[in-house]
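Numbering of residues begins at 1 and proceeds along the displayed sequence.
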Amino acid sequence: MICMEPLYEGKAKRLWATEDPNVLRMEFKNDATAYNGEKKAQFESKGRLNNTISNLIYGVLEKEGVPTHLIRNIDDTNVEVHKVEILMVEVIVRNLSAGSFCKRTGMEEGIPFGQPIIEFSYKSDELGDPLINDDYIREMKLASAEDLAHLRGSALKVNEILGNFFAECGLKLVDFKLEFGRLVKDPSQIVLADEISPDGCRLWDLNTGEKMDKDRFRRDLGNVMEAYEEVLQRVKAKLG
Ligand code: UDP
């Protein structure tokens with residue numbers, strides 16, 4: 001049976017069923033959105049760039065013992081992933097002030113934190129992914145205390161690994177967002193899901209401070225895909 005309809009279509013990706021009920025095909029689209037979908041554009045190579053960068057980063061994380069949903073790359077814009085039930089909590093890690101942290105606090109951009117900040121948001125487009133805390137998560141029954149401790153620990157570990165990795169690529173990992181899911185075939189296992197790409201990470205050139213991520217699109221800085229391509233080339237060069 002050929003499935004003509006995706007199981008799910010989001011802002012940047014589609015999920016397709018496969019013959020295996022525990023496995024999905026995730027397709028990266030060329031659509032770019034910002035400000036909760038208010039700003040939209042298409043970039044010809046975005047799907048390929050984000051898919052390739054995300055796969056390489058997931059490879060780095062897997063090697064360091066972080067479980068992810070990734071099974072294998074299929075082609076430029078498609079990967080095979082374990083089917084998961086996505087936790088409705090987004091985990092954001094910040095190493096320097098930027099984005100909504102600055103909006104909320106009035107602090108200027110680019111101030112390094114003594115320790116990483118971890119924050120949570122409720123994954124709801126309708127509500128604009130509002131900031132929540134441990135108590136909200138408990139009362140909203142989004143995750144158990146044990147799961148939340150696991151998310152925190154994983155996020156810090158990912159930050160450590162990727163902070164070092166991107167530094168070796170000449171990039172500062174300013175902040176990033178992670179999503180986690182429970183494996184459908186074994187719900188006791190929580191793995192990293194979604195993508196890790198310049199769409200969900202702020203990356204600044206270590207020497208020039210130039211923004212190499214989705215802020216180029218958000219703020220109309222131009223050369224959006226050129227920056228993503230540069231990130232890919234540096235990641236590839238580092239991995240040899
Ligand atoms: N982020 C994301 N998806 C979201 C919200 C944030 O990928 O729905 C990423 C964003 O790209 C940045 C980090 O998480 O790298 C922190 O984002 P922030 O809270 O500053 O939000 P912004 O106002 O930039 O969307």
Side-chain angles (χ1 to χ4, degrees), residues 1-29 47-48 50-93 118 120-126 129 132 134 136-162 165 176-197 199-201 239:
M1 185 189 75
I2 299 171
C3 222
M4 299 304 285
E5 290 286 324
L7 285 179
Y8 169 84
E9 177 151 7
K11 295 194 284 273
K13 288 179 294 283
R14 290 185 192 96
L15 286 171
W16 301 84
T18 68
E19 295 95 78
D20 185 333
N22 293 320
V23 174
L24 298 180
R25 173 164 65 87
M26 185 165 85
E27 181 195 356
F28 286 71
K29 302 196 289 183
R48 172 183 62 83
N50 279 354
N51 181 37
T52 315
I53 293 169
S54 191
N55 289 339
L56 293 172
I57 297 298
Y58 270 18
V60 170
L61 292 173
E62 289 270 1
K63 224 174 119 195
E64 297 288 336
V66 178
T68 79
H69 71 162
L70 182 64
I71 300 173
R72 68 176 183 105
N73 190 45
I74 299 173
D75 60 27
D76 272 3
T77 52
N78 288 275
V79 279
E80 217 171 67
V81 297
H82 293 290
K83 187 171 183 179
V84 296
E85 193 192 321
I86 290 281
L87 299 180
M88 299 311 276
V89 181
E90 297 188 344
V91 184
I92 289 169
V93 184
I118 297 214
F120 303 106
S121 62
Y122 176 39
K123 188 173 159 58
S124 162
D125 282 342
E126 207 175 280
D129 297 343
I132 53 176
D134 299 43
Y136 283 54
I137 292 170
R138 183 190 65 241
E139 295 304 327
M140 292 167 77
K141 300 188 172 32
L142 300 179
S144 67
E146 192 192 341
D147 288 344
L148 197 55
H150 173 74
L151 299 192
R152 231 180 238 287
S154 283
L156 285 174
K157 181 170 177 183
V158 169
N159 187 43
E160 183 84 26
I161 298 166
L162 294 189
F165 178 79
F176 59 95
K177 185 252 317 181
L178 296 177
E179 291 190 29
F180 293 87
R182 233 177 256 291
L183 288 183
V184 165
K185 68 175 178 193
D186 177 6
S188 71
Q189 299 262 359
I190 293 180
V191 301
L192 255 192
D194 197 46
E195 71 188 283
I196 299 188
S197 73
D199 265 13
C201 301
L239 293 173

For the pair Lys29 and Glu9, evaluate salt bridge (charged side-chain N to carboxylate O under 4.0 Å, His left out) and give the outcome as yes or no after the intermediate values. CA-CA 10 Å; Lys29 302 196 289 183; Glu9 177 151 7; 2.7 Å; yes
Around atom NZ of Lys11, are there more than 12 heavy atoms of other residues, nucleotides or ligands at under 6.0 Å?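 Check passes, neighbour count above 12.
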Any chance CD of Glu62 has more than 12 other-residue heavy atoms, nucleotides or ligands included, within less than 6.0 Å?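 Enclosed.
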Quickly, which of Leu61, Val191, Leu162 forms a side chain to side chain contact (heavy atoms under 4.5 Å, CB included) with Val66? Name it, please.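 Looking at Leu61, Val191, Leu162, the match for Val66 under the side chain to side chain contact (heavy atoms under 4.5 Å, CB included) is Leu61.
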Between Tyr136 and Leu142, is a side-chain contact (heavy atoms from CB on, under 4.5 Å) present by the stated rule, with each step listed? CA-CA 8 Å; Tyr136 283 54; Leu142 300 179; over 6 Å; no
Should Val79 and Ile74 be marked as a side-chain contact (heavy atoms from CB on, under 4.5 Å) after you check the CA-CA gap, both sets of side-chain angles, and the distance that decides it? CA-CA 5 Å; Val79 279; Ile74 299 173; 5.5 Å; no
Do [X] side-chain atoms and [Y] backbone N/O form a donor-acceptor pair below 3.5 Å?
X	Y	value
Tyr58	Ala193	yes
His69	Asp194	yes
Ser124	Asp129	no

For Ile132 and Ile137: C-alpha separation, side-chain torsions, deciding distance, then whether side-chain contact (heavy atoms from CB on, under 4.5 Å) applies. CA-CA 7 Å; Ile132 53 176; Ile137 292 170; 3.6 Å; yes
Shortest non-hydrogen separation from [X] to [Y] and the atoms involved:
X	Y	value
Ala155	Val93	CB-CG2, 3.8 Å
Leu24	Thr18	C-CG2, 3.8 Å
Gly65	Lys157	O-NZ, 3.9 Å
Lys83	Pro21	CD-O, 3.3 Å
Asn22	Val184	OD1-CG1, 3.9 Å
Arg182	Leu87	NH2-CD2, 3.8 Å

side-chain contact (heavy atoms from CB on, under 4.5 Å) evaluation trace for Leu178 with Ile196: CA-CA 8 Å; Leu178 296 177; Ile196 299 188; 3.8 Å; yes
Can we say Arg152 and Asp134 salt-bridge, meaning some charged N sits less than 4.0 Å from an Asp/Glu carboxylate O?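 The answer is yes: the pair qualifies as a salt bridge.
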Let me confirm one number: the [atom1]-[atom2] distance from [X] to [Y], rounded to the nearest 0.5 Å.
X	Y	atom1	atom2	value
Met26	Lys13	CE	NZ	5.5 Å
Trp16	Met4	CH2	CE	7.0 Å
Ser197	Phe28	OG	CZ	7.0 Å
Glu27	Asp75	CD	CG	8.5 Å
Arg72	Glu80	CZ	CD	4.0 Å
Ile71	His82	CD1	NE2	4.0 Å

Side chains of [X] and [Y], heavy atoms from C-beta outward: is any pair under 4.5 Å?
X	Y	result
Ile92	Phe120	no
Phe176	Asn159	yes
Asn78	Asn51	no

